[in-house]
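Right, one structure below, let's go through it.
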Amino acid sequence: MKVYLYTFAYDKIKEEGYKSLAMLDKDNEVTKERLLVHRSSAKSENLDDIIAYLEQTFKGRLRSICVVTEMAPIEEYKHPYLNNLVRQADVISFDLNKLIEDGIVEAIYCKDLRESILKDSSFENIYKIDDIKDIDLTPYDWHLCGNDEYIKYSPWATIKHYFLVLTKGYIPTEYITLEVDNSKARANGHTN
């Protein structure tokens, strides 16, 4: 089964592999930004508090990465961040079966906020996936994130996604496939 990840750092990834937060320097500005995304759920702006919160949500969260089961079609989206992703980000993929077989992935969790985000935006609806066959392959409604009630949130509030807990905190380069290369679009400043 292929799983996908949007990134703006493919040049670095193809050299170093894909690293989880556990493998990154927490004093790096990009790492700080990735951690601060969780400040609402952690109820703190302090990076150490955020890290502690993330680790208590499930074992290995800092060693995890987020993936989706399909790529968003290149269309016009009402949600500006999703529009940016599909036109500017590169998309990489991993063969999940191979990652599990080779001991690179030790656990899988699902995060599904479609209902809970509207009731309590700080609640993370995360649950463990015990078998790869339990991953939901129902096609995503990518336009849902543009609905009035969801547009103020990240697209990931409406798109069910999965955490892969990485045994060593990273995926080596030989397991990474570039599916979409938007480097020319980024270099030229194109958004469509």
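Computed from a predicted model, the values in this text were never measured in an experiment. Residue indices begin at 1 and follow the sequence shown.
- At a threshold of 4.5 Å between side-chain heavy atoms, the hydrophobic network of Ile, Leu, Val, Met, Phe, Trp and Tyr places Val67 and Ile108 in one connected group.
- Side chains of Tyr162 and Asp136 form a contact here, defined as non-hydrogen atoms less than 4.5 Å apart.
- Taking each heavy atom of Tyr6 and Ala72 in turn, the nearest pair found is OH-N, 2.8 Å.
- Within the 4.5 Å cutoff, no side-chain heavy atoms of Tyr153 are placed close to those of Thr158.
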Check against side chain to side chain contact (heavy atoms under 4.5 Å, CB included), Tyr77 and Cys145
CA-CA 9 Å; Tyr77 295 98; Cys145 65; 5.7 Å; no

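- When the shell of 6.0 Å around NZ of Lys168 is examined, it contains 12 or fewer heavy atoms from other residues, nucleotides or ligands.
- Both Ile129 and Ile171 belong to a common hydrophobic cluster when Ile, Leu, Val, Met, Phe, Trp and Tyr are linked at side-chain heavy-atom distances under 4.5 angstrom.
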For the pair Arg63 and Glu55, evaluate salt bridge (charged side-chain N to carboxylate O under 4.0 Å, His left out) and give the outcome as yes or no after the intermediate values.
CA-CA 9 Å; Arg63 289 183 288 114; Glu55 270 305 293; over 6 Å; no

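- No donor-acceptor distance shorter than 3.5 angstrom exists from the side chain of Ser93 to the backbone of Glu179, with no hydrogens or angles considered.
- Among residues two or more places apart in sequence or in another chain, the salt bridge (charged side-chain N to carboxylate O under 4.0 Å, His left out) test is passed with Lys133 by Asp131.
- Between Arg34 atom CZ and Leu36 atom CG the span is 12.5 Å, to the nearest 0.5 Å.
- Rounding to the nearest 0.5 Å places CD1 of Ile100 at 11.5 Å from CD of Glu106.
- Within the 4.5 Å cutoff, the side chain of Asp49 has no heavy atoms near those of the His38 side chain.
- Considering only heavy atoms from C-beta on, Leu54 comes within 4.5 Å of Leu35 through its side chain.
- Heavy atoms of other residues, nucleotides or ligands lying less than 6.0 angstrom from NZ of Lys43 number more than 12.
- For the pair Asp181 (side chain) and Ser183 (backbone), a donor-acceptor distance under 3.5 Å is present.
- At a threshold of 4.0 Å, the pair Lys19-Asp25 does not count as salt-bridged, since none of the basic side-chain nitrogens sits closer than that to a carboxylate oxygen.
- We find the CG-NZ distance between Asn147 and Lys78 to be 7.0 Å, quoted to the nearest 0.5 Å.
- Across all their heavy atoms, Tyr127 and Lys160 have their closest contact at OH-NZ, 3.9 Å.
- Taking 4.5 Å as the limit, some side-chain heavy atom of Leu5 sits within range of a side-chain heavy atom of Phe94.
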List the steps and the verdict of side chain to side chain contact (heavy atoms under 4.5 Å, CB included) for Ile159 and Leu82.
CA-CA 11 Å; Ile159 302 301; Leu82 181 56; over 6 Å; no

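- Side chain of Tyr150 to main chain of His143: no donor-acceptor pair is present (N/O by atom type, distance under 3.5 Å, no hydrogens or angles).
- Nearest heavy atom pair, residue Asp130 against residue Asp134, reads N-OD2, 4.5 Å.
- In the displayed structure, Lys12 atom NZ is contacted under 6.0 Å by at most 12 heavy atoms of other residues, nucleotides or ligands.
- Not one N or O on the side chain of Thr173 forms a donor-acceptor pair closer than 3.5 Å with the backbone of Glu15.
- No continuous path of ILVMFWY side-chain contacts below 4.5 Å connects Val3 to Phe58, so the two sit in separate hydrophobic clusters.
- Considering NZ of Lys32 and CG of Leu24, their distance stands at 13.5 Å, rounded to 0.5 Å.
- Under the side-chain contact (heavy atoms from CB on, under 4.5 Å) test applied with Phe8, the options Leu85, Asp90, Asn182 reduce to a single match, Leu85.
- Annotation for Ile176 and Tyr10: closest pair CG2-CE1, 4.4 Å, computed over non-hydrogen atoms.
- In plain terms, the two heavy atoms of Pro172 and Ile104 that are nearest each other are CD-CD1, 4.0 Å.
- Contact record, Ala107 with Lys128: CB-CE, 4.3 Å, taken as the closest heavy-atom pair.
- Taking the side chain as every heavy atom from C-beta outward, Ile135 and Leu96 approach each other to under 4.5 Å.
- Residues Lys14 and Leu178 are not in side-chain contact: their nearest non-hydrogen atoms beyond the backbone lie 4.5 Å or more apart.
- Side-chain contact between Glu76 and Asn83 is present, with at least one heavy-atom pair separated by less than 4.5 Å.
- A search for side-chain contact (heavy atoms from CB on, under 4.5 Å) contacts involving Glu101 returns Lys98, not counting sequence neighbours.
- Leu21 and Trp156 are not part of a single hydrophobic cluster, where members link through side-chain heavy atoms under 4.5 Å apart.
- Residue pairs meeting the side-chain hydrogen bond (donor to acceptor under 3.5 Å, both in side chains) criterion with at least one partner in residues 64-74, sequence neighbours excluded, are Thr69-Tyr140, Glu70-Trp142.
- Partner of Arg39 under the side-chain contact (heavy atoms from CB on, under 4.5 Å) criterion, out of Asn46, Leu47, Ile50: Ile50 alone.
- The distance from the CG atom of Leu113 to the OG atom of Ser41 is 8.0 Å, given to the nearest 0.5 Å.
- Criterion: ILVMFWY side-chain heavy atoms under 4.5 Å apart, direct or through other members. Under it, Leu166 and Leu99 are part of a common hydrophobic cluster.
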